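The structure appears right after this line, and notes come after that.
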Amino acid sequence: MHGLDPFEDEAGGTVFRDVIMLGLAGFVAMVVLLLPHINPPGAKTSEDIAPPGNVIIEIRWPDDVDADVDLWVQAPGDVPVGYSNKGGAVFNLLRDDLGLRGDATGLNYETSYSRGIVPGEYAVNLHLFRNPSNTYPVLVTVVTSVKRDASEPTRQLLASEVLLVSEVLLVSEGEEVTVYRFQLTGAGDLVEGSVHGLQKALRSWRAS
Ligand SMILES: [Ca+2]
């Protein structure tokens with residue numbers, strides 16, 4: 001008589017309630033742990049808060065071309081960031097795509113993200129590090145976008161706005177070209193008339 005045994009019901013109910021209470025306790029503990037992050041204590045001045053938004057620079061080249069193209073970027077007042085220096089004060093290179101070697105996705109792309117939008121001039125270079133495919137030219141698409149609102153981190157791509165798109169033909173191994181240089185305001189707007197392609201070496205850059 002399974003369901004009629006009052007003790008069994010009682011015990012089952014207790015276990016059930018305990019599980020709920022444990023679950024609730026866990027939830028409350030999580031909320032308490034998260035509270036300092038959600039609501040940092042103390043008054044913050046605008047200088048304490050990292051500038052919102054970020055700059056995203058992506059390059060893409062044909063997936064069937066076994067070429068190792070490198071993206072090099074430089075933010076205002078920062079060191080160049082590329083495969084041999086994957087992080088600066090502003091930019092981080094997500095990964096160095098070597099072409100078809102060691103590639104889980106089969107896609108050829110590299111992306112650099114900034115933390116915050118620093119006003120001033122940015123430079124974007126491409127370097128054809130290796131081209132074992134010996135296919136020329138290598139067509140590389142370069143997209144620069146900004147995400148102004150940092151409050152929705154999970155909607156990174158939806159919330160970003162494309163500023164510049166370029167296609168570049170790389171014609172020889174070891175070639176480094178400046179795709180463009182441009183200025184941004186602190187709000188992430190392109191400064192009118194600021195885009196130019198004056199060459200600037202980033203890969204071989206050394207602090208003076
Ligand atoms: Ca690469």
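Both counts, for ligands and for their atoms, begin at 1 and track the order of listing. Remember, it's a predicted structure, so these values are computed and weren't measured experimentally.
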Fill in: Short side-chain to backbone donor-acceptor contact, E110 and D97, under 3.5 Å
yes
Fill in: Salt bridge R148-D189, side-chain N to carboxylate O under 4.0 Å
yes
Worksheet item: Between K147 and E161, is the closest basic N to carboxylate O distance under 4.0 Å?
Response: no
Fill in: 4.5 Å side-chain heavy-atom contact, D70 and D96
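Yes; the side chains approach each other to less than 4.5 Å.
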Worksheet entry | Cut-off under 3.0 Å, centre the Ca ion (ligand 1), protein N/O/S atoms |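 Metal shell, protein only: D68 OD1, V69 O, D70 OD1, D96 OD1, D97 O, E110 OE2.
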Worksheet item: Can you check whether Y113 and F91 have ring centres sitting under 6.0 Å from each other?
Response: no
Item to complete: Check whether L98 and W72 end up in the same hydrophobic cluster, where Ile, Leu, Val, Met, Phe, Trp and Tyr are linked by side-chain heavy atoms less than 4.5 Å apart.
Response: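 In one cluster with L98: W72, no.
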